[in-house]
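Naming: A, B, ... by sequence-line order, numbering from 1 per chain. What's counted below: heavy atoms across the whole structure, side chains too, no hydrogens, waters or symmetry copies. Computed from a prediction, not measured in an experiment: that's the story for all the values here.
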Amino acid sequence: MSQQRKILVTSALPYVNGSPHMGHLVEYLQTDIWVRFQKLRGHDCIYVCASDAHGTPIMLKAREMGITPEALTEGYSAEFANDFRDFGIEFDNYHTTHSPENEALVTEIFEALRKKGDIYTRTIEQAYDEKERMFLPDRFVRGTCPFCKTEDQYGDACENCSKTYTPADLIDPVSVISGTAPVMRESEHYFFKLSEYGDRLRAWMTDATLDKNVVAKLNEWFDAGLQDWDISRDAPYFGFRIPGTDDKYFYVWLDAPVGYMASFMNLCGRRKDLDFDAYWRPGSDVEVYHFIGKDIMYFHTLFWPAVLGGAGFRTPTSVFAHGFLTVNGQKMSKSRGTFIKARTYLDNLDPSFLRYYYAAKLGPTIEDIDLNLEDFIARVNSDLVGKLINIASRCAGFINKRFDGRLADRLPDENLFADFQGAADSIALLYERREYSKAMRSIMALADKANRYIDEHKPWVMIKDADRIADVQLVCTQGLNMFRSLIIYLSPVIPAVAASARRFLNEERWQWQDATSPLLAATLPRFEPLLTRVEPDQVTRMIEQSQESQPVPDTTADDDTISIDDFMNVDLRIARIEKAESVEGADKLLALTLDVGGSTRQVFAGIKAAYDPESLPGRHVVVVANLAPRKMRFGVSEGMVLAAGPGGEDIFLLSPDDGARAGMRVK
RNA sequence: GGUGAUGUAGCUCAGAUGGUCAGAGCGGCGGACUCAUAACCCGCAGGUCGGUGGUUCAAUUCCACCCAUCACCA
């Protein structure tokens, strides 16, 4: 192997205003596989990431929920960290952009750019919400498209005719926050002189050996001409305040990529062998790679290298962009149940399956990949269990039972094993180039070869012939060694399965090159199944649990108990009844208007026979807050009020003790 | 609207500077086997390579236009 490389790898920072889902995982699994591969090859590879915690959407969501942005982002960050861990994504550090390291670095970069003359201010006009007293990003203004007249479109582009414009062009614009009409107001913004970085960016683009699609996109932007970049936002904003101002903040996209550096700096605080400057200053001998989605290429291939270079830092070695995830050929959809959260997957399926499936479909390009659930079941069962694990399973029995777990001291077919050894370099090259789908294909072709070998030598026939019993040990030793090489090649993709296999083979640790030298004369423990097949039911259940418009299916049929997680899926809240009125035409229903802490919603409850509407306002009840809204003849019911009793006049609403307030979670 | 990418057997995907380039895996069908997590092995697939024109002796592979899907437009 060539000499040891020093590599720093990042995945894009997840924006923590929601839970991680299957789409997120494409990127983190792609990156994790690459990092694990580099480590297996003996390289010094560090993988850092962080939560992207700033910006308007997070600020507003926190406000809506009545909590601080810090609390909001910490909650989601914990979810991301847990889900990443459970999918076997192994960061060397996971940090946040809302950190002292990041603030220090952003400030340093800003000051360096300003000193250099790359920062200036200019007054711009922007939509302003007078009621909320804040400037509105384009996405927070909606109105009628000035071109095709479609109503309720975003302030930057029309979803119907896909023309672009500014919020000022909209007919009857409305702030999505207050519902009032925004006005145009002037504000002073800070700009970064990106326009002066064209030559340096073109040079960087050549050095970085980017994917041809990325280059095409970059050229498109160069041809259009680089515009200076607006890097400030006005208060109120959740982010870092610009030094020397009272009400100006750094735009989230300025501080987000700096979060890569901040996370690494934070790691340096724990790992004294790491020197921040050796990684991030010009002349560094470290390779730095950013894995990103194709939607954020702009920020990583233009702004980011320019900002780094301008502020006196090294630029990334390269940027690797991937495509998006579709499920069953379509965009993920909550109503179809294909908007699958990472946690929902984990509740039903083994993460190794998804890791393998994504690897089997991923290449180095920005093409989208499809998670086809039928294909998923067939693929992982056939490849992983039927072909790969099966090799070990069919050989291990003989070795365990007939040879006391003892492998032979030689291979009967060195030539065949040479095929497996010889594949090491080509498979490694495929991993290096992120050609995972091709790597998986060549590994599975070898697995077919191994199964064919066992089929041809028929150990189950030989075992009945006293003269040929020794040959059975040889054939199975050959088989298990072929399995061993393959599982080493696959270990970046399915590390958990590989670890079990390694324990079965009684070895301490593996490096890539171990795949090329056979394991002989070793004693093995009893073989245990390394992976069990996916049952279609598991996938069905996962979809059902992801389907928002459907009630959660009754799983008590096969199991009387539920897990704490199942229970926590039910969002029970204290609600205060604001209003209760009879529903015309319905003899059992009352229409309740509930305050669930900051927001109100309408719920229909079948309690008319037991309660007088006049007596209800003011009292507190318990409501299922995350029940999918249900359209009824009289309107939409957005939840369910809990009550006990058989019905009719015998219905008893649940009430909390004094002190409970609307919006409190019940658990 | 502009720009880029994608569109190949039921499904997921390979493929070539234009001429054995019409392929693999899965599914399906037939057979064999019984060591193995009903796994594995052998055989069978006739899909106008999104559509329409054009260039050429020859195009799925080049060009133009059109349609569909995805992304970006700071």
Side-chain angles (χ1 to χ4, degrees), chain A residues 138 145 147-148 156-158 160-165 191-192 194-195 211-221 223-231 251 253 293-299 302-303 321-326 328-331 357 360-363 365-402 435 437-438 440-442 444-445 447-464 472 475-476 479 527-535:
Chain A
D138 292 354
C145 169
F147 297 98
C148 72
D156 52 357
C158 174
N160 182 46
C161 69
S162 65
K163 287 195 176 164
T164 58
Y165 41 74
F191 285 79
F192 167 64
L194 182 70
S195 54
D211 178 72
K212 68 173 169 49
N213 291 323
V214 178
V215 171
K217 204 72 193 168
L218 269 165
N219 278 327
E220 181 190 322
W221 290 327
D223 292 345
L226 297 181
Q227 305 294 305
D228 291 342
W229 184 31
D230 182 352
I231 57 164
Y251 177 38
W253 264 112
K294 63 178 175 179
D295 55 326
I296 55 174
M297 274 162 47
Y298 209 94
F299 300 98
L302 292 181
F303 300 148
H322 61 79
F324 277 36
L325 181 75
T326 54
N328 291 339
Q330 295 180 291
K331 273 196 206 182
Y357 189 74
K361 308 202 94 170
L362 272 169
T365 71
I366 59 173
E367 277 183 56
D368 292 351
I369 69 167
D370 185 42
L371 167 58
N372 180 288
L373 292 165
E374 278 183 39
D375 185 50
F376 169 80
I377 296 169
R379 191 80 179 247
V380 298
N381 283 342
S382 170
D383 286 3
L384 245 27
V385 183
K387 288 180 180 177
L388 181 80
I389 304 290
N390 188 230
I391 302 168
S393 186
R394 63 198 306 201
C395 293
F398 291 113
I399 294 291
N400 281 153
K401 283 180 223 146
R402 304 301 293 262
E435 296 271 16
S437 63
K438 289 196 169 84
M440 297 307 105
R441 268 205 302 281
S442 41
M444 285 308 146
D448 287 344
K449 200 176 258 196
N451 276 310
R452 230 173 284 137
Y453 168 84
I454 297 166
D455 239 70
E456 284 160 9
H457 289 79
K458 305 188 183 356
W460 58 94
V461 174
M462 292 197 288
I463 201 72
K464 291 170 184 157
V472 172
V475 166
C476 291
F527 180 80
E528 305 287 346
L530 298 171
L531 210 50
T532 47
R533 308 169 65 78
V534 177
E535 297 300 331

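Rounded to a whole Å, the CD1 atom of A:Ile391 is 10 Å from the C1' atom of B:rC40. A:Tyr298 has its OH atom 19 Å from the P atom of B:rA71, to the nearest Å. Remark: C1' of B:rC13 and CD of A:Glu435 are 13 Å apart, rounded to the nearest angstrom. Atom CD in A:Glu374 sits roughly 10 Å away from atom P in B:rC11 (whole-Å rounding). In this structure, A:Trp221 atom CH2 and B:rA74 atom C1' are separated by 9 Å, rounded to whole Å. Rounded to a whole Å, the CG atom of A:Asp368 is 14 Å from the P atom of B:rU69. Here the P atom of nucleotide B:rA14 and the CZ atom of A:Arg441 are 7 Å apart, to the nearest Å. One atom, CD1 of A:Ile296, and another, P of B:rC73, lie 11 Å apart when rounded to the nearest Å.
Side chain of A:Arg533, nearest nucleotide from B:rA5, B:rG25, B:rU37: B:rU37. Side-chain proximity of A:Arg379 to the nucleotides B:rU12, B:rC40, B:rU37 is greatest for B:rU12. Of the candidate nucleotides B:rA39, B:rU12, B:rC35, B:rU12 has the atom nearest to the side chain of A:Asp375. You'll find that the side chain of A:Ser393 is closest to B:rU37, out of B:rU12, B:rC35, B:rU37. The listed nucleotides are B:rC70, B:rC13, B:rC40; the one nearest the side chain of A:Arg394 is B:rC40. Checking B:rC70, B:rA36, B:rC40 against the side-chain heavy atoms of A:Lys294 singles out B:rC70 as nearest. When each of B:rA74, B:rC70, B:rC35 is scored by its nearest atom to the side-chain atoms of A:Lys331, the top-ranked nucleotide is B:rC70. Ranking B:rC72, B:rC35, B:rA74 by closeness to the A:Phe398 side chain, first place goes to B:rC35. Closest to the side chain of A:Pro529, from the set B:rU6, B:rA74, B:rU37, is B:rU37. Across B:rC41, B:rA71, B:rC35, the shortest atom-to-atom separation from the side chain of A:Asp295 is found for B:rA71.
Residue A:Lys387 is in sugar-phosphate contact alone, with no base atom involved, counting any heavy-atom pair closer than 4.0 Å across all strands shown. Within the 4.0 angstrom heavy-atom criterion, only backbone atoms of the sugar-phosphate kind lie near A:Asn372; the bases stay farther away. A:Gly386 comes within 4.0 angstrom of the backbone, heavy atoms only, and of no base. The residue A:Ile463 sits apart from the nucleic acid: no heavy atom pair falls under 4.0 Å. Nucleic acid contact for A:Leu530: base, since at least one base atom lies under 4.0 Å from a heavy atom of the residue. Using a 4.0 Å heavy-atom distance criterion, A:Pro459 is classed as making no nucleic acid contact. When heavy atoms are screened at a 4.0 angstrom cut-off, A:Trp253 is found touching no nucleic acid atom at all. Within 4.0 Å (heavy atoms only), A:Leu302 reaches no atom of the nucleic acid at all. If you check every strand for non-hydrogen atoms under 4.0 Å, A:Gly479 touches nothing. In this structure, A:Asp370 reaches the sugar-phosphate backbone alone: every heavy-atom distance under 4.0 Å involves primed, P, OP1 or OP2 atoms, never a base.
Residue A:Ile463 holds its CD1 atom at 6.0 Å from CZ of A:Phe398, rounded to the nearest 0.5 Å.
Using the six-membered ring where Trp is involved, A:Trp229 and A:Tyr251 have ring planes that are perpendicular, over 60° apart on the 30 and 60° scheme. Ring-plane geometry between A:Phe299 and A:Trp253 is classed as parallel, the angle between the planes falling under 30 degrees on a 0 to 90 degree scale with a further cut at 60.
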If you apply the rule side-chain contact (heavy atoms from CB on, under 4.5 Å), what do you find for A:Asn451 with A:Lys387, and how did you get there? CA-CA 7 Å; A:Asn451 276 310; A:Lys387 288 180 180 177; 4.2 Å; yes
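With a cut-off of 3.5 Å on both pairing distances, B:rU60 has no Watson-Crick or G-U wobble partner at all. The partner of B:rG28 is B:rC44, judged by Watson-Crick or G-U wobble contacts that both fall below 3.5 Å. Across the strands present, B:rC65 finds its partner in B:rG51; the criterion is a Watson-Crick or G-U wobble pair with both atom distances under 3.5 angstrom. B:rA71 is paired with B:rU3 under the Watson-Crick or G-U wobble criterion, all donor-acceptor distances under 3.5 Å. The base-pairing partner of B:rA22, taking Watson-Crick or G-U wobble contacts with both distances under 3.5 Å, does not exist among the strands shown.
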Identify all pairs in which a protein N or O lies below 3.5 Å from an N or O of nucleotides 42-44 of chain B, and state each distance.
{"from": "B:rC42", "atom 1": "OP1", "to": "A:Arg452", "atom 2": "NE", "distance (Å)": "3.3"}

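A salt bridge links A:Arg394 with A:Asp455: at least one charged nitrogen is closer than 4.0 Å to a carboxylate oxygen.
A distance-only check finds a donor-acceptor pair linking the side chain of A:Asp228 to the backbone of A:Leu194 [under 3.5 Å]. In this structure, the side chain of A:Asn381 does not engage the main chain of A:Arg533 through any donor-acceptor pair within 3.5 Å. The backbone N or O of A:Asp156 sits nowhere less than 3.5 Å from a side-chain atom of A:Asp138 that would complete a donor-acceptor pair. In this structure a side-chain-to-backbone donor-acceptor pair under 3.5 Å is present from A:Asp370 to A:Gly329.
To the nearest whole angstrom, the two P atoms, one in B:rU6 and one in B:rA14, are 11 Å apart. Remark: the separation of the C1' atoms in B:rG46 and B:rU8 is 14 Å, to the nearest Å. For the C1' atom pair drawn from B:rG25 and B:rU69, the interatomic distance equals 25 Å after rounding to whole Å. Taking atom P on both B:rC13 and B:rG50, the two are 15 Å apart, rounded to the nearest angstrom. Nucleotides B:rC26 and B:rA39, compared at atom P, are 11 Å apart to the nearest Å. Only the P atoms considered, B:rC62 is 11 Å distant from B:rG19, to the nearest whole Å. The same atom, P, is picked in B:rG27 and in B:rC42; the two are 14 Å apart, to the nearest Å. Spacing of C1' atoms, B:rG51 relative to B:rG7, comes out at 11 Å, to the nearest Å.
Between A:Lys401 and B:rC35 there is no side-chain polar atom (N or O) within less than 4.0 angstrom of OP1 or OP2.
Toward the 5′ end of RNA chain B lies the nearest nucleotide of A:Asn328, the other residue of the pair A:Glu528 and A:Asn328 mapping further downstream. Place A:Asp228 and A:Ile369 on RNA chain B by their nearest nucleotides, and A:Ile369 ends up nearer the 5' end.
Contact of the A:Asn328 side chain with the A:Leu371 side chain is not registered, since no non-hydrogen atoms from C-beta on lie closer than 4.5 Å. Side-chain contact between A:Val475 and A:Tyr453: present, with at least one pair of heavy atoms (C-beta onward) separated by less than 4.5 Å.
Between A:Lys361 and A:Tyr357, the side chains place a donor N or O and an acceptor N or O closer than 3.5 Å (distance only, hydrogens not considered).
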